[in-house]
Protein chains: 2
Amino acid sequence: MPQQDTPPRRRLSRALVAREAITLADQDGLGALSMRSLATRLGVVPMALYKHVADKSDLIDRMVDVIVESYSEPKHSAGWRQKVRARALSAREAILAHPWLGQAIDTRTKRSETVLAHMNAVAGDFIEGGVSPDLTHYAMHTLGNRIWGYSPEAFADVDAPTAADAHTPEIYAYMSNRFPYVVAIAMDAASRSPSHSCEQQSEFEFTLDLILEAVERLHLANWVSRPIEA
Amino acid sequence: MPQQDTPPRRRLSRALVAREAITLADQDGLGALSMRSLATRLGVVPMALYKHVADKSDLIDRMVDVIVESYSEPKHSAGWRQKVRARALSAREAILAHPWLGQAIDTRTKRSETVLAHMNAVAGDFIEGGVSPDLTHYAMHTLGNRIWGYSPEAFADVDAPTAADAHTPEIYAYMSNRFPYVVAIAMDAASRSPSHSCEQQSEFEFTLDLILEAVERLHLANWVSRPIEA
DNA sequence: ACCTGAACACCGTTCAAGT
DNA sequence: ACCTGAACACCGTTCAAGT
């Protein structure tokens, strides 16, 4: 009788769908990931996926979440600089393992709980280490993609969306409890620039000048990456 | 008689197609740009576009080229740091005017002449200012998206593709002539890391540590973005 | 030389129906 | 509760044909 050599055909679940999508993207790239190709791979009709995932964007959000949840925690005893460094290197490992991740993050528009938790953890490393929310804010913008191992603008506004989302007291209370460092940064930024005016330009120039100044310093110190081989 | 109130209906050309695509993306976003929607806007059948553009990817390349060609040149008398700064700010203006540009750049896979010329110009600012090709290389990786006003990995390998492309003497000669600074960087990098091994990791850590060190310095100096308003 | 019509092989997603 | 079938409104692109 048939019992063909078809895919596993386990029972579907939100987690299984996301994991299989990750495997597909790892193998064939994000361009090859369609609801239809994923369904085929799961031995199921495309529509079956919509019971477990709202739409394709929701699917990609879940894929990113699964990867970000795998980032490792830095040692509790380390200083803020070492902690942030360790998180960035952990995120980078994920990018190397899943080359599509940068592209996926770049197209995201909503911040999931998982993504907010990661941002909050990075912010916490700085702030618990004594760095001001103000400087932490700018530092995180400068780190940009390095926080995710890649990518910039998924992250572009640590503050704006948070502040906008927190318009009701209930949501504000929840956010403060769950993502205290992110909220601390948002509140600090709001107090400095209530109209949110020029802040993005100021962030851009902060990073630009930080880099150029650091490069100039290295230039004057005759920096080399490594000696030329003989 | 008809003579309806349809779009202009000028004669198509490569430049006109690109310009109209830019207008469409400015108005409705890159997601709304399809060969079909663009054709409709030009009062033409979709297939007509393929006489002027190889495919959709080629179209987006041209759109990016048109914008990058509009970047302004820094004053000749300025120092390298001011020149690079001015180029980054000019690119940023373009991003503000064309919000889809970052996303478009991120999905590019080929470097056009225009894009190489821009990279070469930035590299030239550094190198003519006395900065070594080695440090220029790392500095440009660190600046990343800021060189385009945004975006990271379109730019990720200043060197690898150049080196790979230059496998024939003719192409090497052409590249050396047209993009001398880009080639200088590629040659320098190849001499330091012939196998191209670990170089990406080294670039990542260079930037990460440059930022963290600069942030630490600012922290110790009690940096603030601007005083809190009363 | 430039544009068109019809067609192919895809998409994501809705809705009503099956089990 | 979970999956299916048929259908809708889209894509990019090829190819042969028109002017």
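Heavy-atom basis, side chains included; hydrogens, waters and symmetry copies ignored. Below, read A as the first sequence line, B as the second, and so on, with proteins coming before strands; counting in each chain starts at 1.
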Protein-nucleotide distance ([X], atom [atom1]; [N], atom [atom2]), rounded to Å:
X: A:Leu16; N: D:dC2; atom1: CG; atom2: P; value: 14 Å
X: A:Arg14; N: D:dA1; atom1: CZ; atom2: P; value: 18 Å
X: A:Leu49; N: C:dG12; atom1: CG; atom2: C1'; value: 11 Å
X: A:Lys51; N: C:dT14; atom1: NZ; atom2: P; value: 12 Å
X: B:Leu12; N: C:dC3; atom1: CG; atom2: C1'; value: 9 Å
X: B:Leu38; N: D:dC11; atom1: CG; atom2: P; value: 12 Å

Item to complete: Could you identify which residues of residues 27-35 of chain B place a heavy atom less than 4.0 Å from some atom of DNA chain D, listed by residue number, or say none?
Response: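 The stretch gives B:Ser34, B:Met35 as the residues lying under 4.0 Å from the strand, ordered by number.
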Scan residues 55-65 of chain A against DNA chain D and write down, sorted by residue number, each residue with any heavy atom closer than 4.0 Å; if none is found, say none.
->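 DNA chain D contact set from residues 55-65 of chain A: none.
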(message) Distance check, C1' atoms only: C:dC15 and D:dC3, in whole angstrom units.
(response)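 C:dC15 and D:dC3 have their C1' atoms separated by 14 Å.
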Across all chains, not counting sequence neighbours, the side chain to side chain donor-acceptor pair (under 3.5 Å) partners of B:Asp28 are none
Side chain to side chain donor-acceptor pair (under 3.5 Å) filter on A:Ser13, not counting sequence neighbours, yields none
ask   = Just checking, any donor-acceptor pair under 3.5 angstrom between side chains of A:Asp65 and A:Ser112?
value = yes
Is the side chain of [X] donor-acceptor paired with the backbone N or O of [Y] at a distance under 3.5 Å, no angle test?
X: A:Arg87; Y: A:Lys83; answer: no
X: A:Ser90; Y: A:Ser72; answer: yes
X: A:Asn120; Y: A:Tyr181; answer: yes
X: A:Arg146; Y: A:Arg85; answer: no

With the side chain defined as heavy atoms from C-beta on, A:Met47 is closest, among C:dT14, D:dC11, C:dG12, to C:dT14
I want to verify a distance call: between C:dG5, D:dC3, C:dG12, whose nearest atom is closest to the A:Ala48 side chain?
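Closest of the options to the side chain of A:Ala48: D:dC3.
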In short, B:Val182 meets B:Leu116 closest at the heavy-atom pair CG2-O, 4.2 Å
- prompt: Nearest nucleotide by nearest heavy atom, which residue falls closer to the 5' end of DNA chain D, A:Arg36 or A:Pro46?
  reply: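 With A:Pro46 and A:Arg36 compared, the 5'-side residue is A:Pro46.
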Open item on the list: Measuring to OP1 and OP2 of C:dC2, would you say a side-chain N or O of B:His52 lies under 4.0 angstrom away?
Closed with: no
Original post:
Once the angle between the rings of B:Trp148 and B:His118 is folded into 0 to 90°, is it parallel (under 30°), tilted (30 to 60°) or perpendicular (over 60°)?
Top reply: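 Tilted: the ring planes of B:Trp148 and B:His118 meet at 30° to 60°.
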Comparing A:Ser37 with A:Ala54, nearest DNA chain C nucleotide closer to 5' gives the residue A:Ser37
Per-residue pairing states of DNA chain D in dot-bracket (Watson-Crick or G-U under 3.5 Å; . unpaired, | other strand) read ||.|||||...|||||.||
Can you confirm whether B:Leu96 sits close enough to B:Arg92 that some side-chain heavy atom of one is under 4.5 Å from a side-chain heavy atom of the other?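 SC-SC contact between B:Leu96 and B:Arg92 confirmed.
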Q) Which residue pairs satisfy the salt bridge (charged side-chain N to carboxylate O under 4.0 Å, His left out) criterion with at least one member in residues 112-123 of chain B, sequence neighbours excluded? A)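 Counting only pairs at least two positions apart or across chains, the salt bridge (charged side-chain N to carboxylate O under 4.0 Å, His left out) contacts touching residues 112-123 of chain B are B:Glu113-B:Arg178.
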* Evaluate the side-chain contact (heavy atoms from CB on, under 4.5 Å) criterion for residues B:His52 and B:Leu16: first the C-alpha distance (whole Å), next the side-chain angles of each, then the deciding distance (0.1 Å), finally the verdict. => CA-CA 9 Å; B:His52 303 95; B:Leu16 175 61; over 6 Å; no
